[in-house]
Amino acid sequence: MAVSHRGAISFGMVHIPVGLYTATQDNDIHFNQLCKEDGSRVKYKKVCAHCGKEVGTDDIVKGFEYEKGKYVTMTDDDFEKSKTEKDKAIHILHFAELSSIRPIYFDKTYHAVPEQGGDKAYELLRRAMKEEGKVAIAKTVIGTKQKLMALVPTDEGILAETLFFAGEVKEAPKDIPQPEVSQEELSMAKTLIDAMVRPFEPQVYKDEYQARLWEIIQQKIQGKEITVPEESSETTVIDVMEALKKSLAQVSHAS
């Protein structure tokens, strides 16, 4: 697995060399765009707006438009010059409770893996955070962007979760109403929740939609007629208490 970013976790006067490796992968079925008429691939070309010439990747540079139609170009060296030693490090700002970070702020997950010479300091940080029940809030620069991060200790190592800055997070488009609920409704809802509690075991959950989609693709490749299984229709229950009672009865029967 290729390393996405190399740096050092800066913990007071302690520096822990680490590499960040992506912790998730894309398992989606991907499709190409085809011409409806003859089934040929639809391709997109990068073309110079001035001369109409097709431009290759090596001939493209980054530019910032400071006035209409006027650009200043930036090279990789320019971006590197803008980074201080502090930017290159994963600098711990402070420690916090994981529960204090709203889920909406989480962006992408990396495995933070110690590199040569960093094993003991890495384990010290991991164990201390784990035993104190804390995560580290840190900042670093990855590529051309500064990232806010949460370093989360696990039983196996440390996860580096990139976080959105406050200015990147949108509020709900409108106020969400909070109508009154009766104590009886609340009690029934809690009973249903308690009846459905079980440990989270990620290996149990499968992408059922993707499996059905793959089955349809295989049927089409083999020239078979697409068959769609019939689904039983259920009556929509409007009354909340009635819905809760039916749900609880269903869960109890399943147990």
Side-chain angles (χ1 to χ4, degrees), residues 1-28 61-62 64 72-171 197-205:
M1 184 189 300
V3 65
S4 298
H5 176 74
R6 278 195 169 88
I9 297 174
S10 175
F11 172 41
M13 299 299 291
V14 179
H15 294 272
I16 310 168
V18 296
L20 300 186
Y21 297 80
T22 53
T24 57
Q25 62 186 13
D26 178 9
N27 288 331
D28 287 348
V61 296
K62 290 183 174 71
F64 176 78
V72 59
T73 59
M74 296 285 287
T75 66
D76 290 341
D77 285 342
D78 292 326
F79 287 114
E80 285 302 314
K81 288 173 184 174
S82 68
K83 297 178 187 178
T84 65
E85 286 303 315
K86 188 176 178 180
D87 290 330
K88 295 175 184 177
I90 301 171
H91 180 64
I92 292 178
L93 305 173
H94 62 89
F95 295 89
E97 303 281 346
L98 180 60
S99 60
S100 69
I101 307 172
R102 290 171 56 200
I104 196 171
Y105 282 93
F106 287 100
D107 180 19
K108 190 172 182 179
T109 306
Y110 294 89
H111 292 294
V113 178
E115 301 206 317
Q116 188 172 7
D119 292 5
K120 185 170 183 179
Y122 177 95
E123 175 57 17
L124 178 63
L125 176 62
R126 184 202 69 80
R127 186 170 171 182
M129 287 197 295
K130 192 82 167 60
E131 293 187 5
E132 288 299 302
K134 297 292 187 291
V135 300
I137 305 300
K139 284 170 78 173
T140 191
V141 174
I142 299 178
T144 61
K145 292 185 178 180
Q146 188 170 62
K147 296 287 187 180
L148 188 63
M149 306 183 92
L151 303 179
V152 183
T154 70
D155 290 337
E156 295 78 28
I158 296 175
L159 294 177
E161 303 274 357
T162 59
L163 306 173
F164 291 109
F165 287 99
E168 298 175 299
V169 174
K170 293 182 178 180
E171 294 299 325
V197 169
R198 64 182 183 189
F200 173 65
E201 299 172 303
Q203 67 276 11
V204 171
Y205 312 100

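Just so it is clear, the model here is predicted, and its values are computed rather than measured.
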Got a sec: does the CD of Glu201 have more than 12 other heavy atoms crowding it under 6.0 Å?
-> yes
Taking all atoms of both residues into account, what is the closest heavy-atom pair of Tyr110 and Thr162, and its distance?
-> CE1-CG2, 3.8 Å
Considering only heavy atoms from C-beta outward, does the side chain of Phe165 approach that of Tyr105 to under 4.5 Å?
-> no
Which heavy atom of Lys134 sits nearest a heavy atom of Phe95, and at what distance?
-> CB-CB, 4.3 Å
With a 4.5 Å heavy-atom cut-off, do Val3 and Val113 have their side chains touching?
-> no
Note: Ala96 and Ser100 closest approach over all heavy atoms is CB-OG, 4.0 Å
Distance in Å, Thr24 OG1 paired with Asn27 CG, rounded so as to fall on 0.5 Å steps = 9.5 Å
Rounded distance [0.5 Å steps], NZ in Lys62 versus CZ in Phe64 | 15.0 Å
Give the C-alpha distance, both sets of side-chain angles, the deciding distance and a yes or no for side-chain contact (heavy atoms from CB on, under 4.5 Å) between Arg6 and Glu115.
-> CA-CA 9 Å; Arg6 278 195 169 88; Glu115 301 206 317; 2.8 Å; yes
Is the closest side-chain heavy-atom distance between Thr75 and Val61 below 4.5 Å?
-> no
How far apart are the closest heavy atoms of Val135 and Pro153, and which atoms are they?
-> CG1-CD, 4.1 Å
What is the minimum heavy-atom distance between Met129 and Ile158, and which atoms define it?
-> CE-CD1, 4.2 Å
Decide yes or no for Ile9 and Ile92: does some side-chain heavy atom of the first lie under 4.5 Å from some side-chain heavy atom of the second?
-> yes
Side-chain heavy atoms of Lys147 within contact of Lys139, under 4.5 Å | no
Heavy atoms, side chains only, cut-off 4.5 Å: are Leu159 and Thr154 in contact?
-> yes
Working for side-chain contact (heavy atoms from CB on, under 4.5 Å), residues Met149 and Ile137 = CA-CA 6 Å; Met149 306 183 92; Ile137 305 300; over 6 Å; no
Are Glu123 and Arg126 ion-paired here, with the side-chain N under 4.0 Å from a carboxylate O?
-> yes
From CA spacing to verdict: side-chain contact (heavy atoms from CB on, under 4.5 Å), Thr109, Thr22 | CA-CA 6 Å; Thr109 306; Thr22 53; over 6 Å; no
From Ser10 OG over to His15 NE2, what is the distance, rounded to the nearest 0.5 angstrom?
-> 4.5 Å
Would you sort out whether Glu168 and Asp107 count as a side-chain contact (heavy atoms from CB on, under 4.5 Å), showing the intermediate values?
-> CA-CA 11 Å; Glu168 298 175 299; Asp107 180 19; over 6 Å; no
Work out which heavy atom in Ile16 is nearest to a heavy atom in Val14; give both atom names and the distance.
-> CG1-CG1, 4.0 Å
Quick check, are the ring centers of Phe164 and Phe106 under 6.0 angstrom apart?
-> no
In terms of side-chain geometry, is the basic nitrogen of Glu161 or Lys108 positioned less than 4.0 Å from the acidic oxygen of its partner?
-> no
Thr140 side chain to Ala89 main-chain N or O, any donor-acceptor pair under 3.5 Å?
-> yes
Tyr122 (side chain) donor-acceptor with Gly157 (main chain) under 3.5 angstrom = no
For atom CD of Gln116, is the number of surrounding heavy atoms from other residues, nucleotides or ligands below 6.0 Å larger than 12?
-> no
